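Take a look at the structure below.
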2 protein chains.
Amino acid sequence: MATISDIARHANVSKTTVSRVLNGRPDVDRATAERIRQVVAELGYVPSASARALVNGRAKCVGLLIPSLDLAWVLPLVEGVADLVEAREHTLTLHTIARGQESLAAISAQVNARVIDGLIAVVPRGLETWLRGFVERGLPIALIDDQDLVPSVPRIWATDQVGGLDAGRHLVALGRMPAAAITGPLDSIGGRARLDGFRRALAEASMPFDPSLVREGDWTIASGWDGMRALLATHPELRAVFAANDLMAIGAMRAIVDSGRRVPDDIAVVGYDDIPFAAQMIPALTTIRQPLADMARAAAAAVLDALAGQPWEPGPHLFETSLVVRESCGAAATTSRLTERR
Amino acid sequence: MATISDIARHANVSKTTVSRVLNGRPDVDRATAERIRQVVAELGYVPSASARALVNGRAKCVGLLIPSLDLAWVLPLVEGVADLVEAREHTLTLHTIARGQESLAAISAQVNARVIDGLIAVVPRGLETWLRGFVERGLPIALIDDQDLVPSVPRIWATDQVGGLDAGRHLVALGRMPAAAITGPLDSIGGRARLDGFRRALAEASMPFDPSLVREGDWTIASGWDGMRALLATHPELRAVFAANDLMAIGAMRAIVDSGRRVPDDIAVVGYDDIPFAAQMIPALTTIRQPLADMARAAAAAVLDALAGQPWEPGPHLFETSLVVRESCGAAATTSRLTERR
DNA sequence: CTGTTAGCGCATTCAC
DNA sequence: GTGAATGCGCTAACAG
């Protein structure tokens, strides 16, 4: 492997000059610069990332921390982040907390060893302490969908309450009452906001709100299934259900079918997130779309900007949700299905 | 940030000695070692990764190259790799070829800059040249599901033909004839092998093989949908279809439903891969399971072992496929559904 | 415009 | 058992 010294020797200049043209400094003679570039190309020279990292104090690398890849809604996030990080010529490292504390310790080690310059985190509860530690050490961080637990960093968020509202309104407009809700954990901001929105939609329509029509889930398919089964048992007259994420909606759909009912004929379901598979379900899932990839790009941009020395913008960055009407509520625009699949 | 010098000073020893205990060398006095460890803990010292990388020539980092995160079957692969890489105390960088040549160039740059010590690649066609280049530069590589295009590296594979055979046998046993097939690209080894297995199953049962019952897809949902529509148009008497991957199977299911038929009542479908969502489809998809996560771990192990100086085992590593019976063929073990969902 | 000197943080000879 | 010196490949003063 060629080093900067090799280039310097072959081009009859000092390492410094080579370094200058490598970093695009203007104060180099056109001719020498060209000659150096020539040699660089001939020898196929590429500067050592570790040497640069050592001297610059930056590895040009950002980490992405996610709870797990099992959660389908993280995929658009990973894609969005990967996209921007690569475009800005940084490396992306992937970290999950699949192995619990052990994983956290590993990530913490990476941070301390300065292998990553910044972190984009999709925060599960219970990570605040670690994250705060990182912030204190001066690590640029952006949080996606967080719990407001780590203040003074950029937080990327979507309009949860509006989302719940739109979901509820859709069901109301379709006359699918009574409608139940399977919520996210109610000790999470997002979980509460989505439910609040839903309740507001009912209130708008002067529909009574029945607490027994609400089941608290934990974002998993299994909890959606459980919640729906319970709901169906106690409220056989149900006409619709709003699940606070698509995973739970999928679980709910299964429970509905298992009970011998049909979607959407007997029960309408609207989900939340618009994960890639929502459009592939049969019937295709009507859902509240979060612009996950855009949110991810915003998060990545925040830490990348910070690393580039640009103004740091702590606080919430809000993104808009939107209702995606498909088949699971019986109000499908049939043609759209085809479009989505090609 | 504390450096090794700080530790040395605080512990009244030389940097050399600190380095020794840090790297677990035996030739250090018990007491001094203990004292040093003490100081390290107190100051929360963590060695700089870049400094180490520079002097060791290794960054303790391996890259994972995948075509895209949109392909659901890569998820278990990413998980498997992430799992093992983390366990072996390395960093995992993620690379997609979402932006085509540009992406490749970026990855190539990373390799040349020595940010990664090894590479695990899920090889789409068209990458052979790049990959060969990496191999020539001495980069440890493992290939998952490759096309046999890069010889002399470990290649992780599953028993494609057996998979196709099992799928065909299942349909034969169920009496679901005539059965069609939507294949992968027939210029890929895997695509051909799965079809060959399927044909063998028909031959075993002395069923005639009708070429018009075979449609070539490209692994995408859209191609599964297209293929199924064409099949249905020309062969309305169809009773079953074998799709060479789950994505195409999902597309096929949609086409079947769009045509007014039902799965599995009218047409049985069996897929291939067992992606996470296969079990969540309604009806749940019967499929040929590839132990994707295990395969990924094997790939990761191969490059990690190579990096650890252990024997390099080029050539194919074969994994076994297995039939997972769910609902889409009408032969469901009903209880299993619940188990899978919890 | 260019080269000399120094040092980033660590591991590794080689002495002692 | 321990330490002083040297260098990994690169960038950053500081001179000229």
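Fair warning: this is a prediction, and the values are worked out from it, not measured in the lab.
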Out of [options], whichever nucleotide has its closest atom nearest the side chain of [X]:
X	options	answer
B:S48	D:dT2, C:dC10, C:dA11	C:dC10
A:D29	D:dA12, D:dG9, C:dT2	C:dT2
A:A51	D:dC10, C:dT2, D:dT2	D:dC10
A:L54	C:dC8, D:dC10, D:dT2	C:dC8
A:T32	C:dT2, C:dC10, D:dG9	C:dT2

Please report the distance, rounded to the nearest Å, between [atom1] in [X] and [atom2] in [N].
X	N	atom1	atom2	result
A:E34	C:dC1	CD	P	15 Å
B:R20	D:dG1	CZ	P	11 Å
A:L22	D:dT11	CG	P	6 Å
B:I36	D:dG1	CD1	C1'	11 Å
B:N23	C:dA11	CG	P	5 Å
B:R9	D:dA4	CZ	C1'	16 Å
A:K15	D:dC8	NZ	C1'	10 Å
A:M1	D:dC10	CE	P	11 Å

Within the 4.0 Å heavy-atom criterion, would you say [X] contacts the bases, only the backbone, or no part of the nucleic acid?
X	answer
B:R25	sugar-phosphate
B:V55	base
B:V13	sugar-phosphate
A:D27	base

Practice prompt. Verify the distance criterion only: is there a donor paired with an acceptor across the side chains of A:Q110 and A:T93 at less than 3.5 Å?
Written response: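 Distance-only check fails for A:Q110 and A:T93.
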Item to complete: Ignoring hydrogens and angles, state whether a donor on the side chain of B:N12 or B:R35 is under 3.5 Å from an acceptor on the partner side chain.
Response: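 Side chains of B:N12 and B:R35: no pair found under 3.5 Å.
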Discussion item. Any carboxylate oxygen within less than 4.0 angstrom of a Lys/Arg side-chain nitrogen, looking at B:R88 and B:D305?
Written reply: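 Salt bridge present between B:R88 and B:D305.
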Practice prompt. Decide, yes or no, whether a salt bridge links A:D29 with A:R20 under the criterion of side-chain N to carboxylate O below 4.0 Å.
Written response: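 No, this pair does not count.
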Worksheet entry | pair B:V28-B:E34: side-chain heavy atoms closer than 4.5 Å |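 Contact flag for B:V28/B:E34 side chains = no.
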Worksheet item: Do any side-chain nitrogens or oxygens of A:S14 fall under 4.0 Å of OP1 or OP2 in C:dG3?
Response: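 It does, given that an N or O in the side chain of A:S14 lies less than 4.0 Å from OP1 or OP2 of C:dG3.
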Fill in: Distance below 4.0 Å between A:R52 side-chain N/O and D:dT11 OP1 or OP2
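For D:dT11, OP1 or OP2 has a side-chain N or O of A:R52 closer than 4.0 Å.
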Fill in: Side-chain-base donor-acceptor pair under 3.5 Å for B:S19 and C:dT12
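Between C:dT12 and B:S19, which were checked side chain against base, a qualifying N/O pair under 3.5 Å is absent.
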Worksheet entry | Any N/O donor-acceptor pair, B:T16 side-chain to C:dA11 base, under 3.5 Å |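 Side chain to base: no pair present.
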Discussion item. Assuming nearest nucleotide by heavy-atom distance, tell me which of A:S50 and B:P26 is located more 5' along DNA chain D.
Written reply: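 Mapping each residue to its closest nucleotide by heavy atoms, the 5'-most match is B:P26.
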Discussion item. Under a 3.5 Å distance rule, please check whether B:D117 uses its side chain to pair with a backbone N or O of B:K60 as donor and acceptor.
Written reply: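 Yes, the answer is positive, given that a donor and an acceptor are paired below the 3.5 Å cut-off.
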